[in-house]
Amino acid sequence: MSSFIIEGGTRLSGEIIPQGAKNEALQILCAVLLTAEPVTIHKIPDIRDVNKLIELLAELGVEVKYLGNESYRFCAKDVDIDYLETEDFRKKASSLRGSIMILGPLLARFGKGKISKPGGDKIGRRRLDTHFIGFQKLGARFLYEAETGMYHIDASQLKGTYMLLDEASVTGTANILMAAVMAEGKTTIYNAACEPYLQQLSKMLNRMGAKITGIGSNLLHIEGVESLKGTEHTMLPDMIEIGSFIGMAAMTQSEITIKDCQIPELGVIPETFRRLGIQMEFRGDDIFIPAQERYEIETFIDGSIMTIADAIWPGLTPDLLSIVLVVATQAKGTVLVHQKMFESRLFFVDKLIDMGAQIILCDPHRATVIGLNRQQKLKGIRMTSPDIRAGQALLIAALSAEGRSIIDNVEQIDRGYQHIDTRLKALGAKIERVD
Ligand SMILES: CC(=O)N[C@H]1[C@@H](OP(=O)(O)OP(=O)(O)OC[C@H]2O[C@@H](n3ccc(=O)[nH]c3=O)[C@H](O)[C@@H]2O)O[C@H](CO)[C@@H](O)[C@@H]1O
Ligand SMILES: C=C(OP(=O)(O)O)C(=O)O
């Protein structure tokens with residue numbers, strides 16, 4: 001396990017280019033299984049979870065060719081479905097969350113699929129009911145084998161139908177959508193998730209010959225087709241990384257330009273950071289954040305304390321709440337951070353409290369942050385990264401803190417942030433990776 005040693009308190013400056021979106025990449029990579037023709041994908045981030053999924057696809061028999069400059073070509077002409085029976089598959093699939101999305105494509109193209117309980121962040125219960133109920137509605141049989149912990153699905157012919165999802169699950173919607181594109185007849189998915197990740201996936205599937213309408217809404221209509229062809233796709237910049245960099249600039253009083261953000265795709269993210277008092281300027285498609293001595297959290301119109309909560313898209317993604325929380329620790333004012341979706345994602349605040357932050361963890365879902373208004377700096381400490389976004393939040397805290405911090409288990413951060421130490425060093429951060 002590697003660690004970061006960070007000497008905090010240095011102002012950063014310069015330009016940074018966001019990586020391709022992690023959670024989009026995981027969907028798009030699974031979609032290559034839907035066709036025997038080549039699929040070329042650009043702006044694939046070089047991060048642990050994505051690399052693990054690419055490795056898994058290669059083991060499944062997908063031809064993988066790195067074309068350079070973050071582009072890959074995949075060809076799923078000779079898929080070795082027997083690989084699903086191996087212990088190696090079980091282990092690899094359970095090491096990340098995104099692997100669950102191979103099921104929809106495998107079911108659509110080969111009539112069966114199986115997977116072990118997928119991994120991902122330990123941030124509370126992460127149920128998969130929506131995925132399997134959706135497959136069942138399309139006519140698949142589902143079996144959970146408790147002794148092996150494997151989920152099995154199979155179907156001789158998927159049939160389009162109407163379904164109302166019990167929750168707007170991001171990976172669940174992607175999985176069902178990828179199964180439905182080759183089902184017989186029409187499928188309607190209501191209460192579908194509609195994050196930019198899903199919009200990008202839907203557009204890619206349409207370029208492959210699928211017939212999906214309603215993209216960007218929570219009501220998707222899919223007319224099944226017999227087969228799909230190859231295509232080319234470019235990932236959006238990672239909106240979670242962009243949000244993290246906005247927060248990092250404010251916390252470290254740095255002037256930073258985040259390049260090529262595809263601002264219209266960011267939804268409420270910039271506005272959320274503005275509500276914390278962070279100034280930013282849109283310069284073409286770049287976001288410029290000036291060095292700010294202080295920033296002040298807004299109140300609601302009636303003067304009551306600001307709440308920042310997650311919500312399904314187009315609400316604020318839960319993946320940015322840890323960053324919002326850490327940034328608030330140095331703001332002027334108070335904010336209630338309400339993590340509605342996950343019940344174990346706020347426990348990392350203990351470490352921020354050890355660093356000197358004023359936070360009251362009200363319950364597993366809510367934390368009140370009383371900003372220090374820079375009257376007191378956070379102090380560097382040794383800590384462990386519990387999950388990907390808390391890890392990045394702690395890294396931001398450490399960069400702004402007085403003295404040295406050590407963050408252990410940075411593999412958590414590497415799951416989602418590409419070469420983060422090297423890229424932050426280029427902005428002037430004092431950060432070293434040690435093994
Ligand atoms: C690989 C990937 O893409 N992971 C993302 C994906 O995970 P993932 O697809 O696993 O998350 P889901 O969208 O299924 O659900 C997230 C959580 O929110 C709850 N929930 C969801 C929808 C709803 O209408 N009501 C509700 O309460 C679920 O019970 C669950 O606890 O989406 C999450 C929610 O944006 C993100 O945090 C993850 O980073
Ligand atoms: C929770 C996340 O990832 P995963 O779903 O892969 O665990 C995340 O990206 O913030």
Side-chain angles (χ1 to χ4, degrees), residues 19-31 45 47-53 56 93-104 115 117-134 164-178 189-201 218 235-236 238-244 267-269 309-325 338-346 348 364-365 385-393 411-418:
Q19 69 189 28
K22 161 186 173 272
N23 288 344
E24 178 186 337
L26 298 171
Q27 299 189 6
I28 298 293
L29 286 167
C30 292
I47 53 178
R48 274 171 80 89
D49 275 24
V50 162
N51 292 334
K52 279 186 186 171
L53 186 56
L56 187 72
S94 59
S95 70
L96 75 157
R97 181 84 185 159
S99 58
I100 187 73
M101 291 179 290
I102 64 171
L103 281 185
I115 205 152
K117 200 172 185 325
D121 276 339
K122 303 282 173 273
I123 47 185
R125 287 170 302 152
R126 305 192 69 178
R127 62 197 182 89
L128 293 168
D129 305 56
T130 310
H131 300 239
F132 294 118
I133 294 169
L164 170 57
L165 304 188
D166 68 337
E167 58 177 28
S169 165
V170 173
T171 52
T173 303
N175 232 344
I176 297 164
L177 181 64
M178 288 191 277
I189 311 176
Y190 193 24
N191 197 25
C194 59
E195 274 74 1
Y197 313 135
L198 278 152
Q199 299 178 31
Q200 287 282 99
L201 174 70
N218 67 351
M235 226 72 69
L236 282 175
D238 195 310
M239 60 182 183
I240 316 296
E241 228 199 24
I242 294 171
S244 307
V268 297
I269 292 172
D310 57 344
I312 55 167
W313 192 268
L316 180 68
T317 162
D319 297 346
L320 269 174
L321 276 188
S322 309
I323 310 293
V324 164
L325 190 148
H338 193 163
Q339 170 67 253
K340 294 183 182 171
M341 291 194 197
F342 297 103
E343 62 258 321
S344 311
R345 226 175 182 179
L346 290 183
F348 81 103
H365 287 278
S385 169
D387 71 69
I388 172 175
R389 308 301 169 191
Q392 180 67 5
E411 284 72 15
Q412 274 294 355
I413 304 177
D414 292 335
R415 281 183 52 215
Y417 294 87
Q418 176 170 307

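Values in this document were obtained by computation on a predicted structure and should not be read as measured data. Ligands are counted one by one from 1 in listed order, and the atoms in each one are counted from 1 as well.
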*asked:* Which of the numbered atoms in ligand 1 are under 4.0 angstrom from any heavy atom belonging to Leu26?
replied: 1 (C)
*Which pair of heavy atoms, one from Ile115 and one from Ser99, lies closest together, and at what distance?*
CD1-O, 3.2 Å
*asked:* Is the contact between Asp387 and ligand 2 made by the side chain, the backbone, both, or neither, using heavy atoms and a 4.0 Å cut-off?
replied: neither
*Enumerated ligand 2 atoms positioned under 4.0 Å from heavy atoms of Arg97*: 4 (P), 5 (O), 6 (O)
_Shortest non-hydrogen contact from Gln199 toward Cys194_ = NE2-O, 2.9 Å
*asked:* For atom 10 (O) of ligand 2, what's the nearest protein heavy-atom neighbour? Residue, atom name and distance, please.
replied: Arg389 NE, 2.7 Å
*Report the part of Ile240 (side chain from C-beta onward, or backbone N, CA, C, O) that has a heavy atom under 4.0 Å from ligand 2; answer both or neither where that applies.*
neither
*Specify the protein heavy atom at minimum distance from atom 8 (P) of ligand 1: its residue, its atom name, and the distance to 0.1 Å.*
Thr171 OG1, 3.6 Å
*Would you mind listing which atoms of ligand 2 come within a distance below 4.0 Å of any non-hydrogen atom of Ile123?*
1 (C)
*asked:* Yes or no: does His131 have any heavy atom under 4.0 Å from an atom of ligand 1?
replied: no
_To check your reading of the model: name the closest protein heavy atom to atom 20 (N) of ligand 1, its residue, and the distance in Å._
Glu167 OE1, 3.6 Å
*asked:* At under 4.0 Å between heavy atoms, is it the side chain or the backbone of Arg345 that contacts ligand 1, or both, or neither?
replied: side chain
*Contacting atoms of ligand 2, where contact means under 4.0 angstrom from a heavy atom of Asn23*: 9 (O)
_For atom 14 (O) of ligand 1, what's the nearest protein heavy-atom neighbour? Residue, atom name and distance, please._
Ser169 OG, 2.6 Å
*What is the nearest protein non-hydrogen atom to atom 4 (N) of ligand 1, stated with its residue, atom name and distance?*
Asn23 ND2, 3.7 Å
*Exam field: side chain Asp238 to backbone Gln19, donor-acceptor pair closer than 3.5 Å*: no
*Considering only protein heavy atoms, which is closest to atom 24 (O) of ligand 1, and at what distance to one decimal place?*
Ala168 N, 3.2 Å
_Whether the Tyr417 and Arg48 side chains hold a donor-acceptor pair (N or O, under 3.5 Å, no angle test) is what I'd like checked._
no
_From Leu96 atom CG to Ile47 atom CD1, the distance as rounded to the nearest 0.5 Å_ = 10.0 Å
*Backbone N/O of His365 and side chain of Glu343: donor-acceptor pair under 3.5 Å*: no
*Sort out for me which residue in Asp129, Asn218, Thr173 forms a side chain to side chain contact (heavy atoms under 4.5 Å, CB included) with Leu165.*
Thr173
*Hey, is the main chain of Gly104 close enough, under 3.5 Å, to the side chain of Asn175 for a donor-acceptor pair?*
yes
_Contact between ligand 1 and Gly124 is defined here as a heavy atom of the residue under 4.0 Å from a ligand atom; is it met?_
no
*Side chain, backbone, both or neither: which part of Arg126 has a heavy atom under 4.0 Å from ligand 2?*
side chain
*asked:* Under a 3.5 Å distance rule, please check whether Asp310 uses its side chain to pair with a backbone N or O of Met341 as donor and acceptor.
replied: yes
*4.0 Å heavy-atom contact, Ile312 with ligand 1*: yes
*Looking only at N/O atoms, are Arg126 and ligand 1 under 3.5 Å apart anywhere?*
yes
*Atoms of ligand 2, numbered as shown, that sit under 4.0 Å from any heavy atom of Asp319*: 8 (C), 9 (O), 10 (O)
*Which residue owns the protein heavy atom closest to atom 6 (O) of ligand 2, what's the atom, and how far is it?*
Arg415 NH2, 2.8 Å
*Taking all non-hydrogen atoms of both residues, which atom of Leu320 and which atom of Met239 are closest, and how far apart?*
CD1-O, 4.1 Å
_side chain to side chain contact (heavy atoms under 4.5 Å, CB included) assessment of Val170 paired with Asn23_ = CA-CA 9 Å; Val170 173; Asn23 288 344; 5.9 Å; no
*Closest protein heavy atom to atom 3 (O) of ligand 2, given as residue, atom name and distance to 0.1 Å*: Lys22 NZ, 2.9 Å
*Considering only protein heavy atoms, which is closest to atom 6 (C) of ligand 1, and at what distance to one decimal place?*
Val170 CB, 3.8 Å
*Identify the heavy atoms of Ile413 and Ser385 that sit nearest to each other, and give their distance.*
CG1-OG, 3.8 Å
*Side chain, backbone, both or neither: Phe342 near ligand 1, heavy atoms under 4.0 Å*: side chain
*Step by step, work out the side chain to side chain contact (heavy atoms under 4.5 Å, CB included) result for Arg389 and Arg345.*
CA-CA 9 Å; Arg389 308 301 169 191; Arg345 226 175 182 179; 3.6 Å; yes
*asked:* Against ligand 1, does Pro318 come closer than 4.0 Å with any heavy atom?
replied: yes
*Starting from atom 31 (O) of ligand 1, find the nearest protein heavy-atom neighbour and note its residue, name and distance.*
Met341 O, 3.3 Å
*Charged N-O contact under 4.0 Å between Glu167 and Arg127*: yes
_Heavy atom of Arg125, distance to ligand 1 below 4.0 Å_ = yes
*Looking at atom 10 (O) of ligand 1, what's its closest protein heavy atom, distance included?*
Arg97 NE, 2.9 Å
*Please identify which atoms of ligand 2 are closer than 4.0 Å to at least one heavy atom of Ile388.*
8 (C), 10 (O)
*List the atom of Gln27, the atom of Tyr197, and the distance in Å for their closest heavy-atom pair.*
OE1-O, 3.3 Å
*Near Asp319, which atoms of ligand 1 are under 4.0 Å from a heavy atom of that residue?*
36 (C), 37 (O), 38 (C), 39 (O)
*At a 4.0 Å cut-off, with the gap strictly under it, does some heavy atom of Arg345 reach an atom of ligand 2?*
yes
*asked:* On a heavy-atom basis, which atom in Met235 and which in Ala21 lie closest, and how many Å separate them?
replied: CG-N, 3.8 Å
*Can any side-chain N or O of Glu24 pair as donor or acceptor with the backbone N or O of Leu236 at less than 3.5 Å?*
yes
